[in-house]
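Sequence positions, counted from 1, serve as the residue numbers for this chain. Each ligand, and each atom within it, is numbered from 1 in the order the structure gives.
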Amino acid sequence: MSEAVTRIQVGGTAGSEPYEVLVGRQLLGELAGLIGDRAKRVAVIHPEALDETGEALRADLAEQGFEAIAIQIPNAEESKTAEVAAYCWKALGQSGFTRTDVIVGVGGGATTDLAGFVAATWLRGVRWIAVPTTVLAMVDAAVGGKTGINTAEGKNLVGAFHPPAGVLCDLAALDSLPVNDYVSGLAEVIKAGFIADPVILELIEQDPQAARTPAGPHTAELIERSIKVKAEVVSSDLRESGLREILNYGHTLGHAIEKNERYKWRHGAAVAVGMHFAAELGRLAGRLDDATADRHRTVLEAVGLPLHYRYDQWPKLLETMKVDKKSRGDLLRFIVLDGLAKPTVLEGPDPAVLLAAFGEVGQ
Ligand SMILES: NC(=O)c1ccc[n+]([C@@H]2O[C@H](COP(=O)([O-])OP(=O)(O)OC[C@H]3O[C@@H](n4cnc5c(N)ncnc54)[C@H](O)[C@@H]3O)[C@@H](O)[C@H]2O)c1
Ligand SMILES: O=C(O)C(=O)C[C@@H](O)[C@H](O)[C@H](O)COP(=O)(O)O
Ligand SMILES: [Zn+2]
């Protein structure tokens, strides 16, 4: 018996082409339809860890009559570089990839960010399809069209808004995901809970241990609820002119930690520390009630995400945060909560308050 497929629509309200995020199992049969009749060539971009999956997909597409190539890239954050993008451009050039051809990005958020960026830049933009294989990529990275790479100066500093033509979230992919990567993705799920959908927090709090595995009773619901939060936000503000900034909750400090750790920390782990910081900042700025601020600690800790970071690194983190994309001139800007599911912007906080908030996080 085949399981039900959930379809979540994204876009179509702010001048962007609408597309669907499908959540279910055995969804790869949908791929050819999304690629469409106009494509002659398909490039499957995948990380080393998913070599077999990438090759199987390539062979399947070749059997269906496409000129299919597989482009293997490094795992995780090592793939989000100008050098790896250039390697992909070379492969596309050598295969004669034209404007009607299609890129398929299969992997975690690092892969979908890179594949989407290559699609955004090749011939000034070709269609691409995301096949996310981590929790984080399903609930966040593959949806919404933010694509990009890192530079020596910071995280995601080069990129483009280039939404995919479709997103296929095959839950079966999660069975092979190492537990640390699974839990890292829960940080973005918890983020969606705090900024918009508290039912997510309740489902996790009911049984945090079960939430750490794909076999948990609420896996599909947690993923679908988080995608819906993201879909709703990016559908009304694709280019981050306002509302979309709420999706950056926990990311101002999180990205600075990732850079400071030379991208050896998982994104979700850094964002977890960043959300703890944002909660303390909200509390100390007089915005957030104690119960909601404390809830950050309990729910993040319950699933095994980190809350703390090295106190002595504060000066470096502060410098990095100044080039965060939300900064305007010399003005630092943070997403904080005015209450549960009430995200807002805190502009130019008192440096003493910032340091005090980090005092709760640093150790
Ligand atoms: N564009 C966006 O809106 C957005 C949103 C959130 C995060 N991101 C980005 O996403 C990235 C993090 O993504 P992530 O957490 O998915 O990590 P990741 O892409 O680095 O993947 C983690 C590891 O798991 C491997 N992997 C992927 N799927 C697997 C599977 N099914 N089985 C076994 N191994 C598998 C990968 O090769 C990698 O080694 C960061 O670069 C972050 O900046 C982007
Ligand atoms: O989609 C968004 O917008 C987000 O901010 C989602 C984040 O989870 C994601 O990590 C994103 O890549 C961060 O974007 P950035 O613009 O701060 O680099
Ligand atoms: Zn993120």
Side-chain angles (χ1 to χ4, degrees), residues 10 46-54 72-81 105-117 120 130-150 154-164 167 169-192 195 214 226 229-231 233-234 237-252 254-256 258-259 263-272 274-275 321 323-327 333 335:
V10 191
H46 65 83
E48 277 171 34
L50 298 182
D51 195 23
E52 273 181 32
T53 311
Q72 182 177 297
I73 60 170
N75 288 323
E77 218 60 26
E78 275 179 42
S79 65
K80 283 178 61 172
T81 67
V106 190
T111 302
T112 55
D113 273 14
L114 185 275
F117 179 67
V131 183
T133 59
T134 64
V135 174
L136 191 142
M138 289 182 189
V139 303
D140 200 338
V143 182
K146 262 192 187 178
T147 72
I149 55 176
N150 308 321
K155 176 95 180 172
N156 298 341
L157 292 185
V158 175
F161 292 103
H162 188 58
V167 182
C169 303
D170 194 329
L171 297 174
L174 301 178
D175 293 340
S176 61
L177 196 59
V179 67
N180 278 348
D181 287 307
Y182 195 93
V183 169
S184 164
L186 292 180
E188 303 279 22
V189 173
I190 289 170
K191 175 190 80 178
I195 62 172
S226 306
V229 169
K230 179 132 194 192
V233 173
V234 302
D237 180 21
L238 172 66
R239 290 178 185 275
E240 204 171 16
S241 47
L243 177 71
R244 185 167 184 162
E245 288 190 330
I246 68 173
L247 298 173
N248 230 251
Y249 187 54
H251 283 62
T252 325
H255 280 171
E258 284 188 85
K259 178 182 176 243
Y263 304 108
K264 297 299 177 219
W265 270 43
R266 288 281 181 253
H267 177 71
V271 168
M275 283 193 284
M321 289 198 293
V323 293
D324 177 83
K325 285 180 234 67
K326 297 184 299 308
S327 295
R333 298 168 69 252
I335 305 302

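Here the closest heavy-atom approach between residue Ala120 and residue Ala160 is recorded as CB-CB, 3.8 Å. The shortest non-hydrogen separation linking Gly105 to Thr112 is O-CG2, 3.9 Å. Contact record, Pro164 with Ala130: CB-N, 4.3 Å, taken as the closest heavy-atom pair.
Side-chain contact between Asp324 and Asn248 is present, with at least one heavy-atom pair separated by less than 4.5 Å. Contact of the Val271 side chain with the Ile190 side chain is not registered, since no non-hydrogen atoms from C-beta on lie closer than 4.5 Å. Using a 4.5 Å heavy-atom threshold, the side chains of His267 and Leu136 count as touching. No side-chain heavy atom of Val106 sits less than 4.5 Å from a side-chain heavy atom of Thr111.
Rounded to the nearest 0.5 Å, atoms CD (Glu48) and OG (Ser79) are 10.0 Å apart. Between Ile149 atom CD1 and Leu114 atom CG the span is 7.5 Å, to the nearest 0.5 Å.
Every pair passing side-chain hydrogen bond (donor to acceptor under 3.5 Å, both in side chains) that includes a residue from residues 154-164 is listed here, sequence neighbours excluded: Glu77-Lys155, Lys80-Asn156, Lys155-Glu258.
Protein residues with any heavy atom under 4.0 Å from ligand 2: Asp140, Lys146, Asn156, Glu188, Lys191, Lys230, Arg244, Leu247, Asn248, His251, His255, His267, Lys325.
In this structure, Lys230 does not pair ionically with Glu188, as no charged nitrogen and carboxylate oxygen lie closer than 4.0 Å. Under the 4.0 Å criterion applied to side-chain N and carboxylate O atoms, Lys325 and Glu240 are not assigned as salt-bridge partners.
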Write 'none' if nothing qualifies; otherwise put on separate lines each N/O atom of ligand 1 with a protein N/O atom under 3.5 Å away and their distance to 0.1 Å.
| from | atom 1 | to | atom 2 | distance (Å) |
| --- | --- | --- | --- | --- |
| ligand 1 | 1 (N) | Asp113 | OD1 | 2.8 |
| ligand 1 | 1 (N) | Ala141 | O | 3.4 |
| ligand 1 | 1 (N) | Lys146 | O | 2.8 |
| ligand 1 | 3 (O) | Lys230 | NZ | 3.0 |
| ligand 1 | 13 (O) | Gly109 | N | 3.1 |
| ligand 1 | 16 (O) | Gly109 | N | 2.8 |
| ligand 1 | 16 (O) | Thr134 | OG1 | 2.6 |
| ligand 1 | 19 (O) | Gly109 | N | 3.1 |
| ligand 1 | 19 (O) | Ala110 | N | 2.9 |
| ligand 1 | 28 (N) | Thr133 | OG1 | 2.7 |
| ligand 1 | 31 (N) | Thr133 | O | 3.0 |
| ligand 1 | 31 (N) | Ala173 | O | 3.0 |
| ligand 1 | 31 (N) | Ser176 | OG | 3.4 |
| ligand 1 | 32 (N) | Ser176 | O | 3.4 |
| ligand 1 | 32 (N) | Ser176 | OG | 2.8 |
| ligand 1 | 37 (O) | Asn75 | OD1 | 3.0 |
| ligand 1 | 41 (O) | Glu77 | OE1 | 2.8 |
| ligand 1 | 41 (O) | Glu77 | OE2 | 3.1 |
| ligand 1 | 41 (O) | Lys80 | NZ | 2.9 |
| ligand 1 | 41 (O) | Lys155 | NZ | 3.1 |
| ligand 1 | 43 (O) | Lys80 | NZ | 3.2 |
| ligand 1 | 43 (O) | Lys155 | NZ | 2.9 |

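The closest donor-acceptor contact from the side chain of Arg244 to the backbone of Leu238 lies under 3.5 Å.
Protein atoms of type N/O/S that fall under 2.8 Å from the Zn ion (ligand 3) number 3 in this view.
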